[in-house]
Protein chains: 2
Amino acid sequence: MPVTIVDVARKAGVSTATVSRVLHKSPKVDATTRARVRETLEELGYSPNIPARSLVTKRTRTVGLVITTIADPFFADIVRGVEDVAIENDYGVILCDSNADPEREMATIRLFQEKRVDGIIVASSRVGDLYLGLLEKTKVPVVLVNNEKTGSYVYSVGTDDVAGGEMATEYLIQLGHRRIGYIAGLADAKSTYDRLTGYRQALRKHGLPFDSSLLAPGNARPDGGLSGMNQLLTDCPSLTAVFCYNDLTAIGALKALRIAGKSVPDLVSVMGYDDLLFAAYSEPPLTTIEQRKYDLGAIAMRMLLDLQSGVESVSNNVLEPRLVIRESCSPAKS
Amino acid sequence: MPVTIVDVARKAGVSTATVSRVLHKSPKVDATTRARVRETLEELGYSPNIPARSLVTKRTRTVGLVITTIADPFFADIVRGVEDVAIENDYGVILCDSNADPEREMATIRLFQEKRVDGIIVASSRVGDLYLGLLEKTKVPVVLVNNEKTGSYVYSVGTDDVAGGEMATEYLIQLGHRRIGYIAGLADAKSTYDRLTGYRQALRKHGLPFDSSLLAPGNARPDGGLSGMNQLLTDCPSLTAVFCYNDLTAIGALKALRIAGKSVPDLVSVMGYDDLLFAAYSEPPLTTIEQRKYDLGAIAMRMLLDLQSGVESVSNNVLEPRLVIRESCSPAKS
DNA sequence: GGTTGATGTGTAAACGTTTACATCAGCAAT
DNA sequence: ATTGCTGATGTAAACGTTTACACATCAACC
C-alpha cells in the first residue's frame, strides 16, 4: 500500500538505483533527472522504509536508553538531553524504564539487541555486571552515565560524585557544623558510595571524626528521606545538619523535620543533590549540588554518534558538580 | 557477523522454514526436530533480526510516543504506563519530547512514519490539527491522551477535566470561599479550557458570579504559577482561594504567597491538579485533584495493542478524577 | 494395494532498500 | 575510425526473515 522506491522509479521513468541516489544526495546524478525524481517523490508522498534500509546498511538509526525510573526528574533531564541530540541527527530513542528490576533490565537488553540498535546508553545506576558481559558480546557500543565500569565497547560520562559529596560536606563544615548526617540512596548504586566517600574525605580533611551512627539508609525517593531523617533524629538528636543523597531525599527529610517541629535551617541545615526544578520552590528553597543532567544525556548521545562515524577519539567524560546556595543551610548555632 | 537463521538451519540440518517455525512455536513441527533446533539456537546464541522480520510481516513491534515535555512529572507517569505494558508485550517505545515546538513535532511524526511504527500515542496536549490530517493519511492508528479530536484511525483516552475542574472549585465553595482565582496552563491546551469550564460550572451551580479578573495566565510550570499568583494578588487582593491548573503551577503559587507573607491555608487556600509525587511533600501538603496518569498511559498502549490484533471494539475512554484532601485548603475565614 | 488424509519438511518468492558492477552515450585525442 | 575517458544510468544481488505451496512419508482405510 505505501509507496515504494519502485513506484517512484517507474513513474519517473528511471531505475530504483537512480531514485536511491537522489535520496542520498549522491552527486552522480544529472540535474534534470534529479529534479524529475524529486518531483515524483513529492507527488507520490514517498516516505522511506527505514527497517528495509537497515537490512542492507546494518544501521537502524536507533539507540536504546535504559534508566532507573523516569519518575525521578533527574533521569527525565538526562532523557531530554539524549532526545534532543538524537532527533537533531534523525535518530530515534527507544526508552526503557528498568524500575531497578534485573529481570526487566535483561528483557530490555534483549529487546535492544533484537531491534539491532546502533548503540545503548545506560543511566541505570546499578548496571548489572551481569549484563555488561552480555553487552560486550553484542559488540554494540555502550555509554554508561554516572557509572564507570569499563571494558571494550564501553564508554562513560558522569559527574564527579566524590567531589560533589566533598563540596557539599565541606560547605556545611565551613558553616560551623560538626555533627552532619548522611542519608544514602539506593544501596547498590555507585553514586551512593561516591558521595559518601566525598563526605568522609571532607570530614577527614577538617579533622572531624567519622561516626557511622550519623548514616541512615534511604532509597533516593522522598519516603526514604522521610524515614532516614526520622532515624537520624532518634539516633543522633545532636546533629545540626544533614547531607541528602539527592533532592528527592531532601524533600522527604524536610517533611520529617517539619513534623518533628525542627525548623530548617535554624535548627537543622539540609543539603540536597541534583538541583531539580522544584529545589528552588521548596520551603525553604534547597541548597544543593547541581549536576548537569541535561548535558550528561546530550554528551552520551554525542559519544554514540561519534562512535558511529568512526571517530576513535571518544574519551570518557567527567563533569564537575557545582554548589547552589539557597536557604536550607545556615551557620550552626553555637 | 551476527548469527542468522540460515546459520542455525545449516548447523541443525534443517531448512530455514523449519527454524522459523520453531521460533514461532508453530505446532506443525516434530518434537525431536524442535528440540534439536532449540539447542542449536541456544548454542549459536541466535537473536532474531526484527528489522528484517518487519520487512515481511509489516509489523515493527514499535510504537511512537509524543509528549509535551518529560520534565513534567505528569507526563513521566504516562510514559511509565505506556512503557510497562509495551515491554510486557515485547514492544519498544520510541519517545519524543515535542517541547511544544510544532516544527519538532512534525519532525517526530515524520520519523515515526519512516520507522514504520505500528501505532502512535500523542500526549502532547496541543495536537496540531496540522498534523492530525497527516497522521490519518499514514493510516497508522493513533491514540490521543487527554485530547479528543477524533477522526478515522484516531482514538482517545483522557481524564474528565471538566468534572475535575468542577470538583476542585466546588470543594473550595463548600469551604466557604467566594472569591476564587484560577491560574491557567498552556494557552492552547484543551485541558486548560476544560478545567476552566468546570470552574465556571461550579460557580454557576452555586450562584456565584464569574469575574474575569480572577483569571491569571500560567504556563503549567512553577514560574508561571509564581507570576500568575502575583498578578492575582495585586489585581484581586480580596481573593481567599486559588485553583491552579496543575501541581507545578501550585508550587509556584505557594512560593508567591510565601514571599507575599500570606499564609496558606489560613489566608489563602491553594488547590492543585494531578497529584504528583511531591504534592504530599510540599509545605503545606497540597490538596489536589488526582488524575490516573499511569493508567492513562497503560490504557493508551493497550488500545494500540487491541487495534493491532484487530479488536474492533476499541472505545474512547474517559477516567474520572478524584479529590485528594491534604492541608492546603481550609474553610474561609468570614 | 491403491486411495485418502494427516503430518512434517523443504523450496522459493517476497518484502524495500542499497550498491558493486556493467553498460552506454558522448566526446576528445589519437 | 578507433581508442579511451568520463559521467550518468541501469541490472541484479544481497540483506534476514516469513509463508504459500509443493512434496514426501506414513498410517489407516476400503
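Protein chains get the first letters and strands the later ones, always in sequence-line order, with residue 1 at the start of each. Quick caveat: nothing in here was measured; it's all calculated off a predicted structure.
- For the pair A:Ser54 (side chain) and A:Ile50 (backbone), a donor-acceptor distance under 3.5 Å is present.
- Taking atom CD1 on A:Ile50 and atom C1' on C:dT17, their separation rounds to 12 Å, with Å as the unit.
- B:Thr192 pairs by the side chain to side chain contact (heavy atoms under 4.5 Å, CB included) definition with B:Tyr182, B:Ala184, B:Ala189, B:Tyr245, not counting sequence neighbours.
- Checked by atom type, the side-chain pair B:Asp84/B:Tyr294 shows a donor-acceptor distance below 3.5 Å.
- In the region residues 51-63 of chain A, proximity to DNA chain D at under 4.0 angstrom, judged on heavy atoms, holds for A:Leu55, A:Val56, A:Lys58.
- One atom, CD1 of A:Ile5, and another, P of C:dC15, lie 15 Å apart when rounded to the nearest Å.
- B:Thr4 comes within 4.0 angstrom of the backbone, heavy atoms only, and of no base.
- A:Thr62 pairs by the side-chain hydrogen bond (donor to acceptor under 3.5 Å, both in side chains) definition with B:Lys115, not counting sequence neighbours.
- One axis for each end of the helix from C:dG1-D:dC30 to C:dT30-D:dA1, each built from five base pairs, and the angle between them comes to 70° at 10° resolution.
- Look at CD on B:Glu114: it is 14 Å from C1' on C:dG16, rounded to the nearest Å.
- By the salt bridge (Lys or Arg N to Asp or Glu O under 4.0 Å) test, A:Arg36 is found to be paired with no residue, residues two or more places apart in sequence or in another chain being considered.
- Take B:Glu43 and apply the salt bridge (Lys or Arg N to Asp or Glu O under 4.0 Å) test, not counting sequence neighbours, and it matches B:Lys11.
- When rounded to the nearest whole Å, the span between CG of A:Leu41 and P of C:dT17 equals 10 Å.
- For A:Asp77, the salt bridge (Lys or Arg N to Asp or Glu O under 4.0 Å) partners are A:Arg80, not counting sequence neighbours.
- A straight line from CG of A:Asn49 to P of D:dT17 spans 17 Å, rounded to a whole angstrom.
- A:Thr159 pairs by the side-chain hydrogen bond (donor to acceptor under 3.5 Å, both in side chains) definition with A:Gln291, not counting sequence neighbours.
- A straight line from CG of B:Asp7 to P of D:dC15 spans 11 Å, rounded to a whole angstrom.
- Qualifying salt bridge (Lys or Arg N to Asp or Glu O under 4.0 Å) partners for A:Arg302, counting only residues two or more places apart in sequence or in other chains: none.
- Scanning for side-chain hydrogen bond (donor to acceptor under 3.5 Å, both in side chains) contacts around B:Arg38 gives an empty result, with sequence neighbours left out.
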**Fill in**
Once base and sugar-phosphate atoms are separated, protein heavy atoms under 4.0 Å mark nucleotides 6-13 of chain C, 5' to 3', with B, S and - as --SBBBB-
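- Every residue meeting the side-chain hydrogen bond (donor to acceptor under 3.5 Å, both in side chains) condition with A:Asp118, not counting sequence neighbours, appears here in chain and number order: A:Thr60.
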